[in-house]
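Numbering of residues begins at 1 and proceeds along the displayed sequence. Computed from a prediction, not measured in an experiment: that's the story for all the values here.
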Amino acid sequence: MLNDSDSRSARRTKHLFKEALMRLLETESFAYISVKDIVETAEYNRTTFYNHYYDKFDLLDDITQDLLDGLVVAVKDSFENYHSMHRMSMKASDITLFNYIYQHRNVIYICKKSETKKNLSYICTQTIYNKLIEIWTPLVSMTEKQLASYAKIFSYNLVGTIHGWIDEDFVTPPDKIREEFVHFYNHAHNHNLK
């Protein structure tokens, strides 16, 4: 980002550019969207756009980073107490991640549909994995290798659940997806504790 400022005005302007791109992606492929289209939709000029972004890819990266930043918070809030050494069953009420995904389903769906971020799934998996390693490392008495393996499998299960949900166009309500994931986790976790 060029000449970026954290002022309220700059944040508002960037937000409007993000919204403009997302609106355009609802009907047009990213390849065919120009900076001119974005600034016209946002009702700004090219100079203002280039004060905040290098190009449309930079804007898309900013949208993706916002999504990932929120994902990190949702993962931490949801799973910091649920690791392999935790002896309690997971509570559905503690898991906020599926609500976060559902609230941002339009961004996720548009990015997937328009294939603007082909590696978004991989990036999300790595983001979840890295956050789990960070929050679980001080809480468990496992070797690095054991924790890495556990966090990897947990991340794959979680991302697989989210992928299935995206593929069904979010038909299943978030509460139901959360209950299914928690039921699976508790069944697998309790079975391993015996």
Side-chain angles (χ1 to χ4, degrees), residues 11 14-15 18-19 22 25 60-113 116-194:
R11 286 192 305 270
K14 289 170 70 174
H15 177 74
K18 292 173 193 178
E19 282 187 341
M22 294 311 298
L25 284 169
L60 182 62
D61 287 345
D62 198 23
I63 291 169
T64 303
Q65 191 58 54
D66 288 349
L67 186 66
L68 293 173
D69 291 345
L71 182 66
V72 164
V73 171
V75 166
K76 180 183 183 300
D77 291 348
S78 296
F79 302 112
E80 70 182 330
N81 294 318
Y82 297 107
H83 49 79
S84 66
M85 305 300 282
H86 192 250
R87 299 268 177 205
M88 294 174 52
S89 294
M90 187 179 286
K91 296 178 193 170
S93 60
D94 291 343
I95 312 306
T96 61
L97 177 65
F98 297 106
N99 289 349
Y100 176 79
I101 297 293
Y102 191 76
Q103 288 168 354
H104 295 87
R105 67 192 178 278
N106 291 339
V107 175
I108 294 166
Y109 183 72
I110 288 169
C111 286
K112 183 179 186 290
K113 180 184 95 177
T116 53
K117 285 291 194 181
K118 293 182 187 222
N119 60 350
L120 185 59
S121 175
Y122 174 77
I123 293 169
C124 287
T125 303
Q126 281 303 117
T127 299
I128 291 169
Y129 170 82
N130 291 339
K131 191 61 183 177
L132 292 175
I133 291 292
E134 178 188 321
I135 62 177
W136 287 345
T137 295
L139 303 174
V140 299
S141 57
M142 302 171 90
T143 66
E144 273 185 50
K145 187 176 178 180
Q146 289 171 322
L147 180 58
S149 178
Y150 180 77
K152 181 178 176 181
I153 297 302
F154 190 94
S155 299
Y156 287 168
N157 282 318
L158 186 57
V159 171
T161 301
I162 293 167
H163 262 284
W165 197 26
I166 293 168
D167 288 344
E168 70 167 30
D169 294 327
F170 299 98
V171 170
T172 305
D175 292 344
K176 178 74 171 155
I177 292 291
R178 178 176 44 240
E179 287 172 16
E180 289 172 357
F181 182 82
V182 167
H183 176 74
F184 171 79
Y185 173 87
N186 287 339
H187 176 76
H189 189 66
N190 291 333
H191 180 73
N192 287 335
L193 290 177
K194 292 179 181 179

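- Summarising the geometry, atom CD1 belonging to Ile108 is positioned 10.0 Å from atom CZ belonging to Arg105; distances are rounded to the nearest 0.5 Å.
- The two residues Phe154 and Leu132 have their closest heavy-atom pair at CD2-CD1, 3.5 Å.
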Q | Derivation and outcome, side chain to side chain contact (heavy atoms under 4.5 Å, CB included), residues Trp165 and Val171 | A | CA-CA 7 Å; Trp165 197 26; Val171 170; over 6 Å; no
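- You'll find the side chain of Ile101 reaches within 4.5 Å of the side chain of Leu71, heavy atoms only.
- A distance-only check finds no donor-acceptor pair linking the side chain of Glu180 to the backbone of Phe184 [under 3.5 Å].
- Checked for salt-bridge contact, Lys176 and Glu179 miss the test: no charged N lies under 4.0 Å from a carboxylate O.
- With sequence neighbours excluded, the residues satisfying side chain to side chain contact (heavy atoms under 4.5 Å, CB included) with Asn130 are Gln126.
- A salt bridge (charged side-chain N to carboxylate O under 4.0 Å, His left out) check over residues 142-160, counting only residues at least two apart or in different chains, returns nothing.
- Residues satisfying the side chain to side chain contact (heavy atoms under 4.5 Å, CB included) test with Ile133, not counting sequence neighbours, are Tyr129, Thr137, Leu147, Ala151.
- Annotation: the span from Leu158 atom CG to Ile128 atom CD1 amounts to 4.5 Å, rounded to 0.5 Å.
- For Thr143, the side-chain hydrogen bond (donor to acceptor under 3.5 Å, both in side chains) partners two or more places apart in sequence, or in a different chain, are Gln146.
- When all heavy atoms are compared, the tightest approach of Val107 to Met22 is CA-CE, 3.5 Å.
- Within the 4.5 Å cutoff, no side-chain heavy atoms of Asn81 are placed close to those of Asp94.
- A side-chain donor-acceptor contact under 3.5 Å links His104 to the backbone of Tyr100.
- Side-chain contact, Ser155 with Thr125: no donor N or O sits under 3.5 Å from an acceptor N or O.
- The stretch residues 63-78 participates, sequence neighbours left out, in these salt bridge (charged side-chain N to carboxylate O under 4.0 Å, His left out) pairs: Lys18-Asp66, Lys76-Glu80.
- Between Phe79 and Trp136, the gap from one ring centroid to the other reaches at least 6.0 Å.
- Counting only distance, with no hydrogens or angles, the side chain of Ser78 and the backbone of Leu97 share a donor-acceptor pair below 3.5 Å.
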Q: In sequence, state the C-alpha distance, the side-chain angles, and the governing distance for Phe98 and Ile162, and then conclude on side chain to side chain contact (heavy atoms under 4.5 Å, CB included).
A: CA-CA 8 Å; Phe98 297 106; Ile162 293 167; 4.0 Å; yes
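- Remark: Arg178 fails to qualify as a cation-pi partner of Phe181 under the 6.0 Å distance and 45° angle criteria applied to the six-membered ring.
- In this structure, the separation between CE on Met90 and OH on Tyr185 is 4.5 Å, given to the nearest 0.5 Å.
- Remark: Thr127 engages no residue in a side-chain hydrogen bond (donor to acceptor under 3.5 Å, both in side chains) (not counting sequence neighbours).
- Between the OG1 atom in Thr172 and the CG atom in Asp169 there is a gap of 10.5 Å [rounded to 0.5 Å].
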